[in-house]
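Counting from 1, the numbers follow the sequence of the chain as shown. Only a predicted model underlies this, so the values are computations on that prediction, with no experimental measurement involved.
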Amino acid sequence: MSHRNTIDRADSLPTWGSRWVVPSCWMVALGTYGLLIFGDFVTDGGAQRLTSIGWTIASLVAALACWRTSRQITDRRRIAWRLFAAACTAWLIGQLIWDWKAAIAGTKPSFPNLADVGFISFAVLFTGGLLFFRAAQAARRVAPQRIANLGLILCSLAVVFNRMIVEPLSRTQASPYFIGAALLGVLGIATCFVVAIYSLWSYRWQEDLRPMLLTVLSVTVHTVCGFIYAHQLLLSEYGARELTNMGWMLAFGFQHWAATEQAEAEARGVRSGARYQGEGWIEALAPALLLLFIVSMVALTIDLSSPRAMWVNVALLGVFGLILAFREIWMYSQGLQLQQRQEKMQIALDNAREKLQRLSDERAELERNVELTARAGGVGLWDWDLRTNQVRYSREWQRQLGYTENELGGQSNEWRSRLHPDDAEMAIYGDRKSVV
């Protein structure tokens, strides 16, 4: 094999900086974890230890990736990524406290405990990061559509909160301290979810759209896991083999991927400021994704349905439908107005083209008449444009001097080159004498 072929083959191999290496590694890691946990390859105690190790490594990797990305950014977004890193670090600290109590102290951590301070701080710090991240973007103008978007987000959360939290609260025997800690954790991550979805919907992310999408996915997975965790805690049903444990690792995987995307974009210098053409897709798909969020969370608690909860959800979904209908009607009316403006502009453009064509035809007709008149009177005409230095000659002028129609060019230098040296001064300056 030649040296050239070796180089080409090496360049075609994936590198650790390529886009799909990070998600591929996370898929392998999560697949291995799921196989060991749900394939009954480990005991319940081993599953708990493996889950603790997974949470610790996942939060550590995400924190390091966010810190690394923050060092490569020079504008206001650096603060956002530092807060993302601080949020993952807070979770890591909480997890280390959990690990110490479970592995070293030999006690089963109860809820709530000191570790939960780190988990709750994660949501607060991450929300701050989202606020700083969106502050560096171009905001769309405030419109009824934006308000409707916020209403849809809040309605979807209200439905999920009613099914996942309110119902278990009516059955739990937990202490007020226990309930308060669980509600604090849920409200923190729910606030983060609202800020994330609304920011994605209401700001022009341009080249930062891919990192923002992955960050929103991370927050969404965290939110789902947070609601499920609180729901099962209130019912005293949470165990070591819950799918939620893998969900939190997946959330940190998305954040690691987002940090990598942001760092690679900064390394390439991709900050042209062009508008991303995928904004329309986000605008159209977001309501459907919110409905999917509602349906999936309600499906998890279908066996806990009560008449009261059912009627509350029906009312909330009715409000959701009304807001969605108002949003679509407003967007439709805006589309009609835009279409009408475009039609008026098209009519004005067509009228301008017709007027320009008429003027062009009148000018051509005038030139033909002048040409015929000059030819009938034996008059040769020429025109010299001093701004462009272009010269135009009538056919009669060229015929009288013995030139064919296309023999002379349009530059004045060509005309001067054909003058006799003794006549050049008179032809150019007339009766004036040249000044030496």
Side-chain angles (χ1 to χ4, degrees), residues 33 37 44-67 82-130 161 164-165 168-169 172-193 195 218-219 221-253 255-256:
Y33 170 84
I37 296 295
D44 289 343
Q48 184 61 60
R49 288 190 293 272
L50 184 59
T51 299
S52 297
I53 294 173
W55 283 346
T56 304
I57 295 177
S59 56
L60 174 62
V61 171
L64 291 176
C66 291
W67 282 119
R82 285 179 176 175
L83 287 171
F84 291 153
C88 296
T89 303
W91 184 286
L92 174 63
I93 292 173
Q95 186 57 45
L96 291 175
I97 296 173
W98 178 285
D99 295 340
W100 180 83
K101 288 186 175 183
I104 300 178
T107 60
K108 183 179 180 180
S110 59
F111 180 88
N113 58 72
L114 186 60
D116 292 296
V117 176
F119 302 147
I120 295 174
S121 299
F122 168 86
V124 177
L125 292 170
F126 211 95
T127 302
L130 288 169
F161 188 84
M164 301 293 291
I165 305 299
L169 281 176
T172 186
Q173 301 296 324
S175 66
Y177 177 64
F178 184 99
I179 295 174
L183 290 178
L184 185 61
V186 168
L187 292 176
I189 196 63
T191 302
C192 188
F193 177 79
V195 174
S218 175
V219 173
V221 175
H222 266 293
T223 303
V224 172
C225 292
F227 271 101
I228 295 175
Y229 179 66
H231 172 82
Q232 294 179 331
L233 274 180
L234 292 173
L235 296 177
S236 302
E237 296 177 353
Y238 196 80
R241 298 184 185 272
E242 300 291 341
L243 191 61
T244 308
N245 298 332
M246 184 184 293
W248 271 312
M249 299 178 201
L250 177 62
F252 285 116
Q255 193 57 33
H256 179 199

Next item on the list: Start with the C-alpha gap between Phe126 and Leu83, add the side-chain angles, then the distance that decides, and say whether side-chain contact (heavy atoms from CB on, under 4.5 Å) holds.
Entry: CA-CA 6 Å; Phe126 211 95; Leu83 287 171; over 6 Å; no

Note to self: Please check this pair: side chain of His256 against backbone of Ala62, looking for a donor-acceptor N/O pair closer than 3.5 Å.
What the structure shows: no

Item checked: Stepwise side-chain contact (heavy atoms from CB on, under 4.5 Å) check, Cys192 with Thr223 -> CA-CA 8 Å; Cys192 188; Thr223 303; 5.9 Å; no

Check: Under 3.5 Å, is there a donor-acceptor pair between the side chain of Thr244 and the main chain of Gly247?
Finding: no

Notebook entry, point to check: Does the pair Trp67 and Arg82 meet the rule for a side-chain contact (heavy atoms from CB on, under 4.5 Å), with working shown?
Noted result: CA-CA 6 Å; Trp67 282 119; Arg82 285 179 176 175; 4.0 Å; yes

Checklist line | His222 ring center within less than 6.0 Å of Phe122 ring center | finding: yes

Note to self: Measuring from atom CG of Asp99 to atom OG1 of Thr56, what distance do you get when rounded to the nearest 0.5 angstrom?
What the structure shows: 3.5 Å

Note to self: Tell me the closest heavy-atom pair linking Ile120 and Ala181, and the distance in Å.
What the structure shows: CD1-O, 4.4 Å

Note to self: Does the plane of the ring in Trp98 sit parallel, tilted or perpendicular to the ring in Trp55? Use 30° and 60° as the thresholds.
What the structure shows: perpendicular

Check: Which class fits the ring pair Trp91 and Phe252: parallel under 30°, tilted 30 to 60°, perpendicular over 60°?
Finding: perpendicular

Item checked: Atom pair CD/CD1 of Gln95 and Ile53 - distance to nearest 0.5 Å -> 10.0 Å

Margin query: Run the side-chain contact (heavy atoms from CB on, under 4.5 Å) test on Leu125 and Phe84 for me, step by step, so that the C-alpha distance in whole Å, both residues' side-chain angles and the decisive distance to 0.1 Å come before the verdict.
Written below: CA-CA 7 Å; Leu125 292 170; Phe84 291 153; over 6 Å; no

Notebook entry, point to check: How long is the span from the CE atom in Met249 to the OG atom in Ser59, to the nearest 0.5 Å?
Noted result: 10.0 Å

Next item on the list: Mind listing the closest non-hydrogen atom pair of Gly188 and Thr127 along with its distance?
Entry: O-OG1, 4.4 Å

Item checked: Nearest heavy atoms of Ile189 and Ala123, plus distance in Å -> N-CB, 3.7 Å

Check: Can you name the nearest heavy-atom pair linking Gly226 to Val186, along with the distance?
Finding: O-CG2, 4.1 Å

Margin query: Consider side chain to side chain contact (heavy atoms under 4.5 Å, CB included). Of Leu183, Ile179, Leu187, which one does Ile165 pass it with?
Written below: Leu183

